[in-house]
Amino acid sequence: MVFSSYIFLLLFLPLFLVAYALTPARARSWAILLGSLLFYAWAAPAALGLLVGVIVFTYLVGGRVMGTSGRARWTWLTLGVTGNLAMLGYFKYANMAVSSANAVREALGLDPFLWNHVLLPVGLSFYIFHAISYLVDLHRGTARPPRSIVEFGAFVSLFPHLVAGPILRFHLLAEQFRERTHTPEKFARGAQRVMVGLSMKVLLADPLAPLVNAAYTAAHPSAADAWLGSVAYTLQLFFDFAGYSHMAIGLALMLGFVFPENFLDPYTATSVTAFWQRWHVSLGAFLREYVYIPLGGNRAGPGRTQLNLFLTMTVGGLWHGANWTFVLWGMWNGAFLVLERALARRFRRPPPPAWYAVPKVMLIVILGRVLFRSDSVSHALEVYRGLLGANGAALTPAVSLLFTPERFAVMLAGVAVVYGVPLLRARPQLLRPAVLNGVGYARVPVFLLAVVTLAAQHDAPFLYFQF
Amino acid sequence: MTTTNPSSSPSLLRRVREHPTLAAALALNGPDRASALTMLLLPFLGLAASLHALRPDAAHAVPHDLRSVASGTTFRMTEARLEADLPGRAVMVGVANTARYLAVRGGTDEVTVGRDGWLFLRSELAVHPQEARDLHRRADLIVDLSGRLRARGVTLLVAVSPNKSRVQQAFLPGRHLPAWSTDTYRAFQALLRARGVSTVDLLTPMTAAARAQTQYYRTDTHWNQAGARTAAAAVARTVRAAAPDLPAATFVTAADPMAARPGDLQRLMGLQDTPDGLRPPADREAQQHTVASGGSLGAGLLGAAPQVVLAGSSYGLRGNFHGALQQALGSTVVNVSREGADFSGSLRTYLRDPAFRDAPPRVLVWEIPERFLPVPLADEDRRPLMP
């Protein structure tokens with residue numbers, strides 16, 4: 001079930017809110033667990049067993065982690081993390097491993113392995129990370145264990161973050177499952193976030209999808225195709241994923257949970273390092289705590305720090321998908337993080353002005369996203385050829401047909417939101433209080449327009465569901 | 001015995017108003033209050049609408065057995081039914097597309113908004129990478145059909161109705177067809193003529209006539225009455241050349257009062273119920289009807305074989321084309337055109353009909369919309385047109 005659908009907004013959500021409100025406080029984890037399992041089953045009933053299996057396995061191993069000490073405790077942690085990673089590895093990376101091995105075997109003149117393609121269950125990457133954070137946090141002692149498997153199951157499957165994050169480390173939510181408040185203010189703030197998120201998704205991200213698809217399915221994209229498609233994708237991905245995160249955070253607030261922010265105006269970042277502190281913050285935080293720090297972090301000298309940084313970003317790339325494009329994309333980002341650190345240490349110059357730094361970072365981001373969006377490395381190379389003008393300059397017909405005035409207007413509106421909202425947040429005095437108040441009220445009609453627009457658009461799942 | 005004091009029992013309205021969540025929501029500041037109330041009210045209004053949409057209906061029952069649930073069929077069908085039957089769905093589509101039109105003169109994925117409120121079917125402007133192959137395949141089918149019909153004494157006459165975007169391209173956003181457009185019309189006509197199939201060129205006279213009077217409805221895919229008359233005159237000339245001794249008949253044309261005529265492209269945008277001031281305004285016309293005058297019913301209606309049959313698409317049913325054709329020809333034409341015929345739907349149906357098998361016409365006019373020619377062949381179109 002996707003948030004931007006009538007089945008969620010008009011059927012699941014009100015029924016769940018009623019059931020949740022009528023459930024006594026001590027049993028609300030039951031309501032969350034059952035509601036979330038239904039939410040998940042709606043999208044992937046066949047994969048429900050795997051989600052339940054991960055919950056049961058991780059909870060049992062977590063119990064052993066808490067019940068033992070010393071080497072045994074470490075062994076149980078290793079078993080739990082390895083077991084979860086093995087499930088992730090099988091469902092997400094086995095296809096890639098076999099096809100890569102077969103490519104080598106065929107090059108050597110050997111028969112390829114026979115293999116049935118494995119389907120990736122929706123949300124697996126996210127709930128496996130939730131499970132791992134639970135085990136690690138118990139082992140580190142940074143969180144109290146849940147009171148029951150129901151509470152733990154509710155944490156893993158909590159529907160606002162189940163299928164596309166934010167990735168929540170267990171210690172951030174453990175206490176909230178024991179005690180949280182439900183106030184009208186929280187509900188109102190949550191409502192606002194849901195409204196903003198749905199508006200971003202439906203009005204700013206979805207209209208760009210056909211244009212991006214056309215540009216990225218052109219056999220030989222021209223310079224105009226490749227640049228237009230890549231810029232449009234940069235906007236689409238932001239409004240799709242940030243919109244989803246707004247909705248997730250808002251829905252959680254309506255249930256009394258406070259989630260950390262997942263996007264902090266990333267397109268205004270003046271360095272690649274800052275960009276990655278603001279984009280998909282929950283993934284960055286997870287990788288820092290559970291990959292970068294265990295690798296040694298910055299505790300073993302500058303050279304090892306740089307290597308750890310690079311490896312962490314590469315792992316982050318691979319997490320997004322079983323494709324060499326994601327690995328290269330992770331390496332691309334890791335290389336720029338390493339470069340920025342090295343240059344900062346070497347020259348110790350003051351940071352460049354925003355008018356120069358922001359476009360530079362965006363260019364690096366857009367060029368990197370070509371790998372992220374392309375189906376294969378060879379496809380990405382063809383898009384890079386297009387960006388360089390090797391396939392001609394003018395828009396190809398399929399892209400031109402879809403580059404309509406309304407899509408151009410959506411792109412302009414998207415840029416205005418990306419840069420205007422942070423500016424107004426930093427300098428609210430730019431607008432009169434009455435106008436600012438009017439902007440607050442405008443959320444309602446814009447949201448209602450997004451709701452009715454759902455009726456006029458075709459199926460448009462969130463992009464991050466595929467990861 | 002229990003007694004109830006009515007004055008001590010708060011009314012439902014009062015209880016709702018004093019509910020802690022609602023009361024607290026009402027106490028919030030302006031924008032926050034609006035958001036909270038919207039999110040309190042909308043899902044619950046939506047819930048009522050959803051339950052209405054999903055009410056038991058034997059004709060659209062959703063399976064609930066374990067197998068259907070496990071495979072996701074139950075969920076998918078429930079969702080599809082909700083989206084299809086949600087009360088007010090048409091209004092919502094209209095509101096969304098009206099907002100898009102008013103904000104940036106935007107169309108939809110199917111409809112392009114041109115100049116002066118002209119609407120065009122976007123698929124007419126699409127690129128078809130395999131166009132040459134599919135034009136040849138269709139030409140092969142028609143050549144085969146033409147030969148079979150000739151063996152039965154029937155002359156096939158192919159009349160391709162040109163794309164609106166080709167004839168009225170002055171109203172496209174850029175005033176002309178995109179640079180990538182191919183001359184599908186003339187290419188297909190040349191293919192057929194080179195292989196001995198009789199064709200009628202509708203493009204040349206309609207393009208010429210369009211300089212003085214529009215030939216298509218502004219908000220509809222089809223030709224208007226003027227365009228239908230132009231096309232009918234061209235078809236009649238060619239039919240006369242193939243069969244100069246058709247039985248004569250006279251016809252009279254009457255017109256209804258002038259009235260609005262919302263087009264199919266308006267409906268495709270969901271703007272059929274939107275006021276004219278908020279959408280590309282509907283066309284207006286005095287709809288014409290042509291009928292035989294006196295007792296000149298002609299052949300085909302009194303038991304004899306029809307002399308001329310028109311097997312067309314929806315174009316054969318619009319703009320009084322059939323009437324205009326009879327009037328221009330001065331002879332009766334039997335019309336077997338039908339809606340949604342695509343490339344060959346009406347023709348295939350007619351060729352299988354006993355009326356054709358028992359009494360084939362002298363001339364069979366096959367009207368085909370240009371936009372169906374360059375698209376890949378449907379399964380049905382891979383088989384010969386005539387059994």
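Below, read A as the first sequence line, B as the second, and so on, with proteins coming before strands; counting in each chain starts at 1.
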Is it the backbone or the side chain of [X] that comes under 4.5 Å from a heavy atom of chain B, or both, or neither?
| X | result |
| --- | --- |
| L448(A) | side chain |
| R189(A) | neither |
| T404(A) | side chain |
| L401(A) | both |
| A41(A) | both |
| V439(A) | neither |
| F12(A) | neither |

[X], part contacting chain A, at a heavy-atom distance under 4.5 Å:
| X | answer |
| --- | --- |
| L86(B) | side chain |
| A126(B) | both |
| V113(B) | neither |
| A34(B) | both |

Within the supplied structure, the quantity of interest is the number of heavy atoms (other residues, nucleotides, ligands) at a distance under 6.0 Å from R432(A) CZ; does it exceed 12?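 Open: at most 12 neighbouring heavy atoms sit under 6.0 Å from CZ of R432(A).
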Just wondering, more than 12 heavy atoms not from L66(B) lying within 6.0 Å of its CG?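 For L66(B), atom CG is not crowded (no more than 12 foreign heavy atoms under 6.0 Å).
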Looking at side-chain heavy atoms only, is the closest gap between [X] and [Y] below 4.5 Å?
| X | Y | value |
| --- | --- | --- |
| V104(B) | F408(A) | no |
| M1(A) | F75(B) | no |
| M39(B) | L13(A) | yes |
| M92(B) | Y6(A) | yes |
| W42(A) | T78(B) | yes |

Heavy-atom pair count under 4.5 Å with chain A, highest-scoring of L125(B), L47(B), V93(B):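 With the most close heavy-atom pairs to chain A, the winner is L47(B).
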When only pairs under 4.5 Å are counted, which of P397(A), G438(A), A455(A), S400(A) shares the most heavy-atom pairs with chain B?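 Option with the top pair count is P397(A).
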Looking only at heavy atoms, what is the nearest atom pair of [X] and [Y], with distance?
| X | Y | value |
| --- | --- | --- |
| A456(A) | A96(B) | CB-CB, 4.2 Å |
| P14(A) | P43(B) | CG-O, 3.3 Å |
| P45(A) | S71(B) | CG-C, 4.0 Å |
| A191(A) | S35(B) | CB-O, 3.7 Å |

Working to the nearest 0.5 angstrom, can you tell me the gap between I7(A) CD1 and E83(B) CD?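 Going from CD1 on I7(A) over to CD on E83(B), the span is 7.5 Å.
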Passing candidate, side-chain contact (heavy atoms from CB on, under 4.5 Å) with T38(B), options Q192(A), M195(A), R443(A):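 By the side-chain contact (heavy atoms from CB on, under 4.5 Å) criterion, T38(B) pairs with just one of Q192(A), M195(A), R443(A): M195(A).
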Throw together a table of side-chain donor-acceptor distances under 3.5 angstrom for residues 269-282 of chain B, partners on residues two or more places apart or in other chains.
| from | atom 1 | to | atom 2 | distance (Å) |
| --- | --- | --- | --- | --- |
| T274(B) | OG1 | T98(B) | OG1 | 3.3 |
| D276(B) | OD1 | R279(B) | NE | 2.8 |
| D276(B) | OD1 | R279(B) | NH2 | 2.9 |
| D276(B) | OD1 | A282(B) | N | 3.0 |
| R279(B) | NE | T274(B) | O | 3.2 |
| R279(B) | NH1 | L271(B) | O | 2.7 |
| R279(B) | NH1 | Q272(B) | O | 3.2 |
| R279(B) | NH1 | T274(B) | O | 3.3 |

Indicate yes or no for a side-chain donor-acceptor contact from S50(B) to the backbone of L10(A) under 3.5 Å, with no hydrogens or angles considered.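 Present.
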Kindly determine whether L11(A) and L51(B) satisfy side chain to side chain contact (heavy atoms under 4.5 Å, CB included), including the steps that lead there. CA-CA 8 Å; L11(A) 192 64; L51(B) 296 178; 4.2 Å; yes
